Chemist: 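Could you have a look at this structure, given as structure tokens, before my questions?
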Amino acid sequence: MSDCTANVAGQDYADFIYRHNAASLDELTDILGTDCISYVNESYVVYHLPLSEALPLSIPNHSYESIPSLFGLMDTTSMEASGIVSTFRQPALESSGTGVIVGLIDTGIDYQNPLFRNPDGSTRILGLWDQTAPDGGFELTGNRPFLFPFLYGKEYTEEDINQALRSESPLDIVPAADTSGHGTFLAGIAAGRYEPSMNFVGAAPLSYLGIVKLKPAKEYLRQYYMIPDNADAYQSNDIMMGITYLTLLARRHRMPLVICLGLGTNHGGHSGAAPVGEVLNSLRAFMGVAAVCPAGNEAGLRHHYLGQVNRPAGGYSDYDEVELRVGEGEKGFAIELWANSPEIYTVGFVSPTGEAIQRIPLTLNSETTINFSLEPTVIAVSYATALGFQSSYLASLRFISPVPGIWRIRVYPTITFSGVYHMWLPSEGFISPDTYFLQADPYTTIVAPGNSEFPITVSTYNHMDGSLFIHSSRGYTRDGRTKPDLAAPGVDVYGPGISSIPGEYPMIRMTGSSVAAAHVAGAVANIYSWQYPVGPYPVIGSDLVKATLIRGANRNPNYTYPNREWGYGTLDLYNSFISLRD
């Protein structure tokens, strides 16, 4: 039995996700063999084990679902194009985010920036959970506070931040700085206050803020996924706990909540059935809670391959050959092959020098390691025929120290009906730009958790010329659901940056689907602001919010909707309000 007396955020602990139906924490403790357990919701917990007990990490040793996935960052005329400024000009709408919390799970926030303060200088942040803080502000061996039941990090309340802002050295009191700037930028787009000196206003300028500053991924997971040293990476279990924190914060203050996630990953089967997506889906039970996610920036990066092993004219082929270009200096990566259960596929390889590895037989609960005669490359292959609630088949192919050149992956049908399978490389930032499929498919590239059902998923367009961003991820999901839902501005958008000079608040430009998602998050906050507490309905659900935005979206008469690039059209908040009237 592991005794939870240490800082589980440290490098000496491994984190695991567990889908449970236990009746009590004591029952979970008996099942998992540790009392280092963090409750996410009625379906999930995160538990922590000493690293020495958890290694070696592999799918057969643990399970695919239990190993945390790693997420990367998905990087004000835009407000005009989104119909947001038009709503500000209509006093009767009273839709500037008042009485609503915009919650961001990202790299933190520059809480000193005037954009996130009231005119009197006080903060608009109701709560900030800094997961990187060395202690949680309570004894791990004692009772956990109900409103902050987490084993790591530290929460800074509105009072704490105001105390810091009144001092000469704010970071000595609340040392939760955003060293990346990504979270600050998204917070500015979603909820920045009107600041004439900066010539800027966010989408919901009168809303409150709830902030989760994610801790960087632990080293053992970075090594397992072979993430480049300079890549920003964050763990799925920390994101799940961040969602729980924001819902508790909204419950504490009895306010509607809009969660904005600026992260994504290619891990998973792109059908939405993954832990972070499942936790977001569970929020549908709560009125006044919505979530907005980026579609991703994967369409033009050649990270997706769509395979077909049965040919209509000649029946089943022996195998389908997938050509993969590996760039110079690639340290390693994992390819995931996904298919609908009960189909089963096995794989073989041909190296750049021509050495062939025959079909790897289907072996369950074990990992096959392949060594090559002339290359230093090692490939670890794991098959998983039953992934529980995901109802899918997975073949995980981990390339370790791959030599550059053209690799050929031979995919063999074992049990097939449709003969269709998908393969994904890691998302942008987790792999060299010179590593890609030669015959890539730009569709089915919506990253998780944007491919889950509950969130409003946002693709990216250039509001200056109306064109789709070349890398904007395209739908649909692997199980055929319509994603993205909407498109919003995300190319060369103006917003707040960070500076190492106290009192300096630069403005910068950023491109990416996370920027587009921040626009929509602010728009949703404005709908809630108009609705609460004097709207025509006492409550409004997330599905109705999504439907309202879709009804008001701008649609090009030359396109058919919904489609894989634009979803149901481009965000137009003002037109969405008009659709409510009509």
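Hydrogens, waters and symmetry mates play no part in the numbers below; they use all other heavy atoms, side chains included. Remember, it's a predicted structure, so these values are computed and weren't measured experimentally.
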Chemist: Going by salt bridge (Lys or Arg N to Asp or Glu O under 4.0 Å), name the residues that satisfy it together with D479, two or more places apart in sequence or in a different chain.
Modeler: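 Only R481 meet the salt bridge (Lys or Arg N to Asp or Glu O under 4.0 Å) criterion with D479.
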Chemist: Strictly distance-based, threshold 3.5 Å: is any side-chain N or O of T511 a donor or acceptor partner for the main-chain N or O of V491?
Modeler: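 Absent.
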Chemist: Please tell me whether F333 and F399 form a close aromatic pair, meaning their ring centres lie under 6.0 Å apart.
Modeler: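 Between F399 and F333, which both carry aromatic rings, the centre distance is below 6.0 Å.
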Chemist: Decide yes or no on ring-ring contact (aromatic ring centres under 6.0 Å, His included) for F469 and Y461, but give the supporting numbers first.
Modeler: CA-CA 5 Å; F469 177 45; Y461 82 100; over 10 Å; no
Chemist: By side chain to side chain donor-acceptor pair (under 3.5 Å), which residues pair with T435, not counting sequence neighbours?
Modeler: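 T435: side chain to side chain donor-acceptor pair (under 3.5 Å) contacts with E330.
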Chemist: If you draw the axis of the six-membered ring of Y443, does the NZ or CZ of R564 fall within 45° of it and under 6.0 Å from the ring centre?
Modeler: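 Flagged: R564 positioned over aromatic ring of Y443.
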Chemist: Quick one: list whatever passes side chain to side chain donor-acceptor pair (under 3.5 Å) with Y421, sequence neighbours left out.
Modeler: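 With sequence neighbours excluded, Y421 shows a side chain to side chain donor-acceptor pair (under 3.5 Å) to D320, given in chain and number order.
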Chemist: Is there a donor-acceptor pair under 3.5 Å between the side chain of N281 and the backbone N or O of F454?
Modeler: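 Yes, N281 side chain to F454 backbone: donor-acceptor pair under 3.5 Å.
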Chemist: Taking atom CG of N563 and atom CZ of R555, what is their separation to the nearest 0.5 Å?
Modeler: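 Nearest 0.5 Å value for the CG-CZ distance: 10.5 Å.
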Chemist: For R117, enumerate each residue passing the side-chain contact (heavy atoms from CB on, under 4.5 Å) test, keeping only those at least two apart in sequence or located in another chain.
Modeler: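 In terms of side-chain contact (heavy atoms from CB on, under 4.5 Å), with neighbours along the sequence ignored, R117 is linked to L165.
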Chemist: Got a sec, which pairs hit ring-ring contact (aromatic ring centres under 6.0 Å, His included) with one end in residues 270-300, sequence neighbours left out?
Modeler: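 For residues 270-300, and leaving out neighbouring residues, the ring-ring contact (aromatic ring centres under 6.0 Å, His included) pairs sorted by first residue read H270-W424.
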Chemist: Please walk me through it: do R551 and N575 pass side chain to side chain donor-acceptor pair (under 3.5 Å)?
Modeler: CA-CA 8 Å; R551 288 168 186 150; N575 204 39; over 6 Å; no
Chemist: Ring centroid separation for Y64 and W338, is it under 6.0 angstrom?
Modeler: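 Judged by ring-centre distance (under 6.0 Å), Y64 and W338 do meet the cut-off.
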Chemist: What pairs of residues pass the salt bridge (Lys or Arg N to Asp or Glu O under 4.0 Å) test when at least one of them lies in residues 396-409, not counting sequence neighbours?
Modeler: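 Listed once each, the pairs are E321-R408.
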Chemist: Checking the side chain of H519 only, and the main-chain atoms of P489 only, is there a donor and an acceptor separated by less than 3.5 Å?
Modeler: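 Between the backbone of P489 and the side chain of H519 there is a qualifying donor-acceptor contact (under 3.5 Å).
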Chemist: Would you name the heavy atoms of A525 and V102 that are closest together and state the gap between them?
Modeler: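 Looking at all heavy atoms of both residues, the closest pair is CB-CG2, 3.8 Å.
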Chemist: Can you list the residues that meet the side-chain contact (heavy atoms from CB on, under 4.5 Å) rule with A440, with sequence neighbours excluded?
Modeler: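 R302, F437.
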Chemist: Whether the side chain of S473 engages the backbone of T445 through a donor-acceptor N/O pair (distance < 3.5 Å, no angle test) should be reported.
Modeler: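 Flag set: sc S473 to bb T445 pair under 3.5 Å.
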Chemist: Residues two or more places apart in sequence or in another chain: which of them pass ring-ring contact (aromatic ring centres under 6.0 Å, His included) with F116?
Modeler: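 F116 satisfies ring-ring contact (aromatic ring centres under 6.0 Å, His included) with no residue once adjacent residues are dropped.
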Chemist: Quick one: list whatever passes side-chain contact (heavy atoms from CB on, under 4.5 Å) with D543, sequence neighbours left out.
Modeler: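 In terms of side-chain contact (heavy atoms from CB on, under 4.5 Å), with neighbours along the sequence ignored, D543 is linked to R284.
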Chemist: Y225 and H267: aromatic ring centres closer than 6.0 Å?
Modeler: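 Yes, they do, as the ring centres are separated by less than 6.0 Å.
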Chemist: Going by the angle between their ring planes, with limits at 30° and 60°, are H304 and H422 parallel, tilted or perpendicular?
Modeler: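 Parallel.
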Chemist: Judged by atom type as modelled, is there a donor-acceptor pair below 3.5 Å linking the side chain of E343 to the main-chain atoms of S418?
Modeler: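 Answer holds: yes.
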Chemist: Has the side chain of N297 got a donor or acceptor atom that lies under 3.5 Å from a matching backbone atom of S513?
Modeler: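 Side chain of N297 to backbone of S513: a pair is present.
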Chemist: Taking side-chain contact (heavy atoms from CB on, under 4.5 Å) as the test, write out the residues that go with D232, two or more places apart.
Modeler: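 For D232, the residues satisfying side-chain contact (heavy atoms from CB on, under 4.5 Å) (neighbours in sequence not counted) are L73, Y234.
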Chemist: State which residues pass ring-ring contact (aromatic ring centres under 6.0 Å, His included) with Y111; sequence neighbours excluded, sorted by chain then number.
Modeler: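 So Y111 forms no ring-ring contact (aromatic ring centres under 6.0 Å, His included) with any residue.
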Chemist: Spell out, as yes or no, whether a donor-acceptor pair under 3.5 Å connects the side chain of K483 to the backbone of A295.
Modeler: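 No, K483 side chain to A295 backbone: no donor-acceptor pair under 3.5 Å.
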Chemist: Show the numbers, then the answer: is there a salt bridge (Lys or Arg N to Asp or Glu O under 4.0 Å) between D229 and K331?
Modeler: CA-CA 10 Å; D229 295 338; K331 65 183 288 188; 3.7 Å; yes
Chemist: In plain terms, say whether E323 and R325 are close enough for a salt bridge, that is, a side-chain N and a carboxylate O under 4.0 Å apart.
Modeler: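 No, this pair does not count.
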Chemist: What residues, two or more places apart in sequence or in another chain, satisfy side chain to side chain donor-acceptor pair (under 3.5 Å) together with N558?
Modeler: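 Checked N558 against side chain to side chain donor-acceptor pair (under 3.5 Å); matches are N556.
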Chemist: Any Lys/Arg nitrogen of D178 or K213 sitting under 4.0 Å from an Asp/Glu carboxylate oxygen of the other?
Modeler: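 Between K213 and D178 there is no salt bridge, as every charged N stays at least 4.0 Å from the carboxylate O atoms.
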Chemist: Tell me whether R124 contacts the main-chain N or O of L115 through its side chain, where contact means a donor paired with an acceptor under 3.5 Å.
Modeler: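 Answer holds: yes.
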